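Remember, predicted model here, so these are calculated numbers, not experimental data.
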Amino acid sequence: MKTNFKRKTDCGLITKKLLKKTISLAGWVNKRRDFGNLIFIDLRDRSGIMQLVFNPDINKDAHRKAHELRLQYVIGVTGMVVERSPDTINPDLPTGNVELQVHELIIFNAAKTLPFQLDQIDEVDEELRLKYRYLELRTPHVQERFALRSKLNLVIREFFIKQGFYEIETPCMTKSTPEGARDYIVPSRIKHGSFYALAQSPQLYKELLMAAGFEKYFQIARCFRDEDLRADRQPEFTQLDIEMSFIDEHDIQKLIEELFAHVWKQILNKDLVLPFARLTYEEAFALYGSDKPDIRFDLKITDCTALFADTKITFLRSILDKEGKLGAIHLRGHELSRKELSTLEEESKILGAKGLLWIRFKQEQPESVIAKFLPEDFFSKAQKIFPTIADGSILLLIAGAYTETWQLLGKLRLRLAQKFDLIPHDRYSFVWIIDFPLFEWDQETKRWTAVHHPFTQPKTGWENQEPGQMKARSYDLALNGFELGGGSIRIHNAQIQKKVFELLGIPQKEVQEKFGFLLEAQELGFPPLGGIAFGLDRIAMIMTGTKSLRDVIAFPKTNRAVDLVMDAPSPISEKQLKEYGLFLKDKKK
């Protein structure tokens, strides 16, 4: 094999400016067409595709070796750039009007038959694709996602550096503290019986950086959480982490709006409308049944409990007597047959509803299984709650406890939007969700838990309120039905921090063990501070139009948290266990 081969340019960068020039290319065989006398090869590298021509009249040795080439062989070639004849120009390729007449061929490596064809990747089982993820990563459309993600990191860094932020790394191995999800733990070889935790976020470190006087910090940080997986969640992920001193909520929100406007313009060439929409947590849940609503389409939820306040319908009466609620979605301009309505009822049960009640109006008369139990003036009463109601309107109703019922209506809302194609897919609708509860009651543990995290500043007046009434100085940013990230103004006073720990039912001894360093820092000159963090994987997923975080992570885990390429997690040797002072219990005992 020739060892002094040197690639001089990339496949996708060749233009007519290089005509009659001799160049060297390297890459993978993407396609081959062997006509005996002439052999055509599409050579692919990450920049694109270039057509190669092997002609025995140009070089017999290269032509002879070209007969050996198969898909995904890794080769290097040297030849002259020439124009294609008019009838062979490929308008779909940037390089489609030129080709390379090869006079030298080097086969760097042969390739066995692949476990699947790369041009049929969408038809391949996901677990097989993840096992051979490096093959899937060769495909151009996948590489485009990672090119965008690389640019995303660069644009973000440029923005924050220009804003006077310092990029500072914090440890991945840290102390195990209660932050909401389960920790991944790392045993210490030096100190048997003690463990690090892989950082769920840089939360406490970035607060200490503010105590250190850095004032403006950001980091593109790796984070780890041992929690159940789904399409938009992975056990290890990348977070854009931001913290500032001497600011309030409006300062952070304004900065973040400018960040996303900059990112969207630089990468997608789209202008965002500022400022972003704002909804309180209570408004978002009442209208959309979600704290991360998709506001690209209307179809809001309406509380119509009052419409049935005097109902004699037995099952509704029993729900309302138990302080239940009745919520509805008003569907207008979309006809549904009885069969389609029945299908919708079944789909609602799959979503978790006990049932779905529908009322359709024809000439102002209700049509429904409960129609005979409705008052004669039901239409006029309904108009007071649904001003746009008209002939053909359909009310889709679910009754029950408020939280569960509105969550179901939120899911139904999304299902209807998909069914009737109501979602404008070229629109990016950002919305801030503010005024979250500070605490929520955990029925299982019978204690209050932090909605955001234990370091969130309560809103003014909290001292005279019950825990369930307290509001947090926290905020989330949602986009098209996804939570991009969230943040808060932090507690900077040790006495307030101790009181919050007390309300969370954390014993003083545990507080000192877990958070003693933080309380001490708060007594040594701790500035007012606040910040926010975003799931960078999720942002990349939305920007690339993909449906799963796995599509924008180079080597993701399966929904069982397994790395199929490396076959991890995997057992370790008895020697390694002994070094860390560990042993495995006999499963039979």
Quick one, [X] and [Y] - any side-chain contact, counting heavy atoms below 4.5 Å?
{"X": "Thr170", "Y": "Leu208", "value": "no"}
{"X": "Lys65", "Y": "Ile75", "value": "no"}
{"X": "Gln117", "Y": "Leu71", "value": "yes"}
{"X": "Leu344", "Y": "Leu416", "value": "yes"}
{"X": "Lys206", "Y": "Gln219", "value": "no"}

Could you go step by step and tell me if Gln200 and Asp183 meet the side chain to side chain donor-acceptor pair (under 3.5 Å) rule? CA-CA 7 Å; Gln200 292 188 30; Asp183 288 324; 2.6 Å; yes
Does Asp251 offer a backbone N or O that forms a donor-acceptor pair with the side chain of Asp248 under 3.5 Å? yes
N/O donor-acceptor pair under 3.5 Å between Arg233 side chain and Asp228 backbone: yes
Show your reasoning for whether side chain to side chain contact (heavy atoms under 4.5 Å, CB included) applies to Leu484 and Ile542. CA-CA 10 Å; Leu484 291 186; Ile542 294 171; 3.6 Å; yes
Tell me if the centroids of the rings in [X] and [Y] come within less than 6.0 Å of each other.
{"X": "Phe160", "Y": "Phe218", "result": "yes"}
{"X": "Phe420", "Y": "Phe297", "result": "no"}
{"X": "Phe108", "Y": "Phe5", "result": "yes"}

Charged N to carboxylate O under 4.0 angstrom, [X] versus [Y]?
{"X": "Asp537", "Y": "Arg149", "result": "yes"}
{"X": "Arg278", "Y": "Glu257", "result": "yes"}
{"X": "Lys557", "Y": "Glu236", "result": "yes"}
{"X": "Asp45", "Y": "Arg7", "result": "yes"}

In terms of ring plane angle, is the pair Tyr132 and Tyr134 parallel, tilted or perpendicular, where the classes change at 30° and 60°? perpendicular
Name the orientation class of the two ring planes belonging to Phe430 and Trp264 (parallel below 30°, tilted from 30 to 60°, perpendicular beyond 60°). perpendicular
Does CH2 in Trp432 sit with more than 12 non-hydrogen atoms of other residues, nucleotides or ligands closer than 6.0 Å? yes
Asp241 and Gln239: CA distance, side-chain angles, deciding distance, side chain to side chain donor-acceptor pair (under 3.5 Å) verdict: CA-CA 6 Å; Asp241 207 53; Gln239 182 169 292; 3.0 Å; yes
Where do Asn37 and His63 come nearest, in terms of heavy atoms and distance? O-NE2, 2.8 Å
In terms of heavy-atom contacts, Phe482 and Met541 come closest through CE2-CE, 3.5 Å
Just do the side chain to side chain contact (heavy atoms under 4.5 Å, CB included) check on Thr544 and Asp551 with the steps written out, would you? CA-CA 9 Å; Thr544 57; Asp551 294 329; over 6 Å; no
If the test is side chain to side chain contact (heavy atoms under 4.5 Å, CB included), which one of Leu69, Asp61, Leu52 qualifies with Leu105? Leu69
